[in-house]
Amino acid sequence: MSLLSDLINLDLSDTTDKIIAEYIWIGGSGMDLRSKARTLNGVVSDPHKLPKWNYDGSSTGQAPGEDSEVILYPQAIFKDPFRRGNNILVMGDAYTPAGEPIPTNKRYNAAKIFSHPDVVAEVPWYGIEQEYTLLQKDLKWPIGWPVGGYPGPQGPYYCGAGADKAFGRDVVDSHYKACLYAGINISGINGEVMPGQWEFQVGPSVGISAGDELWVARYILERITEIAGVVVSFDPKPIPGDWNGAGAHTNYSTKSMRNDGGFEVIKKAIGKLQLKHKEHIAAYGEGNERRLTGRHETADINTFSWGVANRGASVRVGRDTEKAGKGYFEDRRPASNMDPYVVTSMIADTTILWKP
């Protein structure tokens, strides 16, 4: 009798050309990832050659029961690290049957911004630092923390090693390798300041692909924590008090910033971000006011600031960029639960297209 694990790991390529495509989309809360699978007759490498699909939007908070059909448009393809072989993950976005983007489809407007000729010419690069917290499944309390109690104060946990400092490394490493397998441009991982909190980085990615890659990396993390029996939280301040929050620092550069004289372009871009500080904060994630307090390596939510090598600023410029006179900057304001389609496109819109 076959073990369940044997059946899960069956290699279908020996017996059929058919593959399994797992279609992924974002649900009504803006953070809940949904997916379902279908069989395709063979390998497809172009997402626009994949069939559109539909789902019950009344069960995801995206449509009324009397008119519940939502149409999924395939937008990006990744290799499936769970089924492996020729099977794929498909990132989609959601439309009405008439072809209009539904209100929670943030990718649609982002794609319009990234397809603007002025933005295309600047080849915007993004590197997103996604922080998250692993929680005990039944208690919703960070893993490695005593039940109903607290660990020792912050200090030894950031990039720490050892059973009393690093909690959940098996999940983190599994996720790292699964993302590389999938074709996501994941560039690193590290343990964070609060115990049970970790970070992975996606990028450099160009334009709309930054959002596609980060959402699929989040999906893969949700699937791995499902297997491990722990819960992943993207709450920007999961534990009140003297504990670091969780952000999604967004590193950004344009072609002009990367070329000689780019530091002046960076300073002009930061000046534009300052003028639109309130609009950006409003779009940078729910609950961010609990994180952006001016403490724990954050700037106060109501005050815009920037500086070189300053992790207490809204925007940080690295020493290497200052020295070279060109490079990139880091917007430290986005919360861990931000929508990367919104944040990446908004930064491009403000710094490239907006004329104050």
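Computation of the quantities below employed the complete heavy-atom set of this structure, encompassing side-chain atoms and omitting hydrogens, waters and symmetry-equivalent molecules.
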Return yes if a side-chain donor-acceptor contact under 3.5 Å exists between E131 and N244, otherwise no. no
Taken in chain and number order and not counting sequence neighbours, the residues that satisfy side-chain hydrogen bond (donor to acceptor under 3.5 Å, both in side chains) with S59 are D56
Taking all heavy atoms of P142 and all of P195, pick out the closest pair and write down the distance. CB-O, 4.2 Å
How would you list, by chain and number, every residue that makes a side-chain hydrogen bond (donor to acceptor under 3.5 Å, both in side chains) with K268, sequence neighbours excluded? none
Below 4.0 angstrom, N of the basic side chain to O of the carboxylate: do D32 and R34 qualify? yes
Would W25 and Y55 count as a close aromatic pair, with their ring centres under 6.0 Å? yes
Is the cationic atom of K326 (NZ for Lys, CZ for Arg) positioned less than 6.0 Å from the six-membered ring centroid of F263 and within 45 degrees of its normal? no
In terms of ring plane angle, is the pair Y95 and Y108 parallel, tilted or perpendicular, where the classes change at 30° and 60°? perpendicular
For the pair R316 and E330, evaluate salt bridge (charged side-chain N to carboxylate O under 4.0 Å, His left out) and give the outcome as yes or no after the intermediate values. CA-CA 5 Å; R316 180 185 68 89; E330 174 192 38; 2.6 Å; yes
Is NZ or CZ of K237 both nearer than 6.0 Å to the six-membered ring centre of W243 and within 45° of the ring axis? no
List the atom pairs, donor and acceptor, that lie under 3.5 Å between side-chain atoms in residues 338-348 and the rest of the protein, sequence neighbours left out.
residue : atom : partner : partner atom : Å
D339    : OD1  : W215    : NE1          : 3.2
D339    : OD1  : Y341    : N            : 2.9
Y341    : OH   : D212    : OD1          : 2.5
T344    : OG1  : P340    : O            : 2.6
S345    : OG   : Y341    : O            : 2.6
S345    : OG   : V342    : O            : 3.3

Can K106 and D93 be counted as an ion pair, charged N to O under 4.0 angstrom? no
